[in-house]
Number of protein chains: 2
Amino acid sequence: MKRVYMDHASATPVRKPVVEAMLPYFDQHFGNPSAVYDMGSKIKQVMEEQRAKVARLIGAKAEQIIFTSSGAEANNLAIKGVSLAGQKKGNHIIVSAIEHHSVLNSARFFERMNFEVTFLPVDEYGLVDPERLLGAIRPETILVSVMHANNEIGTIEPIPELAVICKEKGVIFHTDAVATVGNIPVDVNELNVDLLSLSGVSLGAPKGVGALYFRDKLRLMPLIHGGIQESGRRGGTENVPAIVGLGKASELAAGELTDKMNYMQNLRNLLVAGIQERIDQIKYTGHPEKRLPGHASFCIGAIEGEALLFMLNQQGIYVNTGSACASKALKTSPVLVAIGIPADLAQGSIVFTIHNSNTVEEIEYVLEKLPFAVGKLRSLSPIWREKAAA
Amino acid sequence: MKRVYMDHASATPVRKPVVEAMLPYFDQHFGNPSAVYDMGSKIKQVMEEQRAKVARLIGAKAEQIIFTSSGAEANNLAIKGVSLAGQKKGNHIIVSAIEHHSVLNSARFFERMNFEVTFLPVDEYGLVDPERLLGAIRPETILVSVMHANNEIGTIEPIPELAVICKEKGVIFHTDAVATVGNIPVDVNELNVDLLSLSGVSLGAPKGVGALYFRDKLRLMPLIHGGIQESGRRGGTENVPAIVGLGKASELAAGELTDKMNYMQNLRNLLVAGIQERIDQIKYTGHPEKRLPGHASFCIGAIEGEALLFMLNQQGIYVNTGSACASKALKTSPVLVAIGIPADLAQGSIVFTIHNSNTVEEIEYVLEKLPFAVGKLRSLSPIWREKAAA
């Protein structure tokens, strides 16, 4: 059966050269990087080379990268690590209302530990207003976390504008760049951030690895205590094969980004125009321009997103509804609530995340199947029939 | 060059059928297990099959297994997760003095958070005395953590005897079984534990995956907050290929253990007898009988362990000194201090962890090279020359 996969924000296949780079580290070069003999030190050296590759991709130095087991772990380490290390200075943190669950739930965890958390509202496009951020900062604020781009609505936040405010106020600024690394340029200096989380999901790197960039001398309590791995900032034997995969994927990504962005954007524009032409009563969510190049998201009236997903699934089309990790947990997406989508319309959320492995033919296939599926579901909907009769 | 690897507690090569089982999950079955469409639910199902395999290996139920990124993360989740969830009941935890750094440093972290921690002493063999544990338990004690076996001295702790005391006192009992799973029988019911950490290091499973067994209804604060993965107990997209690897390795291990134990024990006994015959002024550390079958550890007088490691390394022999993760961090092993080894003798620590991939010929090779290396180093040691002259 035909398979048109457009849920690349949730997972991507690992690239062939990445798998090949990883393979020798399973059964040949299997030593523990902490071991003092040559089998260990050679692996350690390989790991440091990967650290440099990941650093290079985001304009950082190798020693500013901590490998983690996922973007979610990197987010937890950033929020909890800074909050715990900084609790003598203050007990207030600010996160946007549309952060990933790993940020939101880390913040909520601190609310139960005598911290105060401000969940910063966003505008109708999902943008955080720099003025509003400035107004929310208090003397006891120690950390602000605003994501680089939102997976569910594609909006890219004005990170440099937000970061400069934090710098002026002496507040540590973290950004979750899991949705952007591999999709748009990400440079820690241009973004002016103190901490940045990433994963290899858009790079064709394997699952089981992520990284946290941290500015020099920033104090960070480890999330996983253990030995002296990752300069004492993250215990546990390093996942060498996955780290090699992330390094290889970062190296490959560096030279490809401009072409990839243009290609994804063209496909996305084709998809968006086609959908807007063929389906009525829909809302294109997120910012129309300030958004990820391969990202298209809609709320479709009188439709239940999950039902639509299943119908498309039967045609071999794979898309998402709501944010990837939360899709089973919640009925109404908190992101869509935050941008003011009415609850009934929010039910009809559909998210396409296109990659450069997708083709024009695949877009055309979706444009053929989607209106039919929407029509079918609407024909079964009492709300829709009422509206049509009115 | 000949390579005789006897540091299997630090790392083991991933078994061929395990790598093969993992491969399709990198680029073919790459979906996110949380996705609602069939590509996701099929992966989810595969993951649940692995959970059942890991559970079966330790006599648990599938729903009692949480996948983590390492044994160290499992230990952190156990110590921190129980302490945070139980802080209303009490603020005292007990760990043995010879725990892995991931347990010790998690406990020390809570000392800074208004918890009291008892580091329980051990006897000359590294054994925790049940009577002493009983004496250390207070009304405010919420957690006891004693490892199943110690990596550095091989001693197997009397877990059922310790666990029954905790059960009677209503205290949660955790054991770190990273050193035992795959080396001796591990059954959560026989051990009578509430929580058990494991990794696949002795199973030939990949790095980047571990697991925590938890008794039904035990309250546990997540270490990594995020979505609803792992029943809400561990956020972040699951490392599917590594989980498949751990599942396959667990399945393979189940039928092999008795033969493997006998084989490893024979090799170990050959090694120990040979070393004791050929080298004087040595101490066999850990318990002579209650120890891991492939484990041999010595403190060699007038020797610097790391120097010996490098000399053996030149002969293609790979062994350890002190515990794997700490070997670069500390000069004197806290485990050897805890069992009362004088500081100068503790410097000469050497640890062999034999696997069933090792052979009699390899033992003979070690027995040929080791005495020569020791003699060479001693001939350079002023302490030794003084002693020899006396």
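So you know, we letter chains A, B, ... as the sequences are listed, proteins then strands, and number each from 1. Please read all numbers here as calculations on a predicted model, not as lab measurements.
- Interface residue B/Glu238: only backbone heavy atoms are found under 4.5 Å from chain A.
- Ring geometry for A/Phe109 versus B/His225: interplanar angle of 30 to 60°, hence tilted.
- For a residue to count as touching a neighbouring chain, one of its non-hydrogen atoms must lie under 4.5 Å from one of that chain's; by this rule B/Leu104 does not touch chain A.
- For chain A, no part of B/Gln87 is nearby; none of its heavy atoms comes within less than 4.5 Å.
- For chain B, the option among A/Met39, A/Arg112, A/Met221 with the highest count of heavy-atom pairs below 4.5 Å is A/Met39.
- Residue B/Gly236 comes nearest to A/Ser70 through the heavy atom pair CA-OG, 4.3 Å, listed as atom of the first residue, atom of the second, then distance.
- Heavy atoms closer than 4.5 Å to chain A are found in the side chain of B/Val19, but not in its backbone.
- No part of B/Arg15 comes within reach of chain A, as not one of its non-hydrogen atoms sits under 4.5 angstrom from that chain.
- Looking at A/Leu23, the atoms closer than 4.5 Å to chain B (heavy atoms on both sides) all sit in the side chain, from C-beta outward.
- Counting only heavy atoms from C-beta outward, the side chains of A/Val18 and B/Asp27 never approach each other to under 4.5 Å.
- For chain A, the nearby parts of B/Ser102 are the backbone and the side chain; heavy atoms of each come within less than 4.5 Å.
- With chain B as the partner, the residue from A/Lys80, A/Lys16, A/His29 showing the most heavy-atom pairs under 4.5 Å is A/Lys80.
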*Does the pair B/Asn239 and A/Asn239 meet the rule for a side chain to side chain contact (heavy atoms under 4.5 Å, CB included), with working shown?*
CA-CA 11 Å; B/Asn239 187 354; A/Asn239 187 353; 3.5 Å; yes

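- Among the candidates A/Arg3, A/Met113, A/Glu73, A/Gln314, the residue making the largest number of heavy-atom pairs closer than 4.5 Å to chain B is A/Arg3.
- In terms of non-hydrogen atom pairs under 4.5 Å with chain B, the most contact-rich of A/Thr68, A/Val319, A/Ile79 is A/Val319.
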Solution key, residues 199-211 of chain B side-chain donor-acceptor pairs under 3.5 Å, sequence neighbours excluded:
unit_1	atom_1	unit_2	atom_2	d
B/Ser199	OG	B/Val201	N	3.2
B/Ser202	OG	B/Asn183	ND2	3.1
B/Lys207	NZ	A/Phe30	O	2.5

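- Nearest approach of B/Asn313 to A/Asp38, heavy atoms of both residues: OD1-N, 2.7 Å.
- Counting heavy-atom pairs closer than 4.5 Å to chain B, the top-ranked of the candidates A/Gly71, A/Ala72, A/Ala242 is A/Ala72.
- Contacts of B/Leu309 with chain A are made by side-chain atoms alone, with heavy-atom separations under 4.5 Å and no backbone atom involved.
- Of the two parts of B/Asn76, only the side chain, counted from C-beta on, holds a non-hydrogen atom closer than 4.5 Å to a non-hydrogen atom of chain A.
- Atom CD of B/Gln28 is surrounded by more than 12 heavy atoms from other residues, nucleotides or ligands within 6.0 Å.
- For the residue pair B/Ala11 and A/Gly31, the shortest heavy atom distance occurs at CB-C, 3.9 Å.
- With a 4.5 Å cut-off on non-hydrogen atoms, A/Leu84 touches chain B through its side chain but not through its backbone.
- For chain A, no part of B/Arg108 is nearby; none of its heavy atoms comes within less than 4.5 Å.
- Closest approach of A/Asn32 and B/Ser10 over heavy atoms only: ND2-O, 3.0 Å.
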*Do A/Ser69 and B/Arg234 pass the side chain to side chain contact (heavy atoms under 4.5 Å, CB included) test, and can you show the C-alpha distance, the side-chain angles, and the key distance before you say yes or no?*
CA-CA 12 Å; A/Ser69 69; B/Arg234 200 258 183 189; 3.0 Å; yes

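- Only the side chain of A/Phe310 comes within less than 4.5 Å of a heavy atom in chain B; its backbone stays farther off.
- What you find for A/Ile224 and B/Leu223 is that their closest heavy atoms are CG1-CD2, 4.0 Å.
- Two residues are said to be in side-chain contact when any heavy atoms from C-beta on lie closer than 4.5 Å; B/Met22 and A/Met22 fail this criterion.
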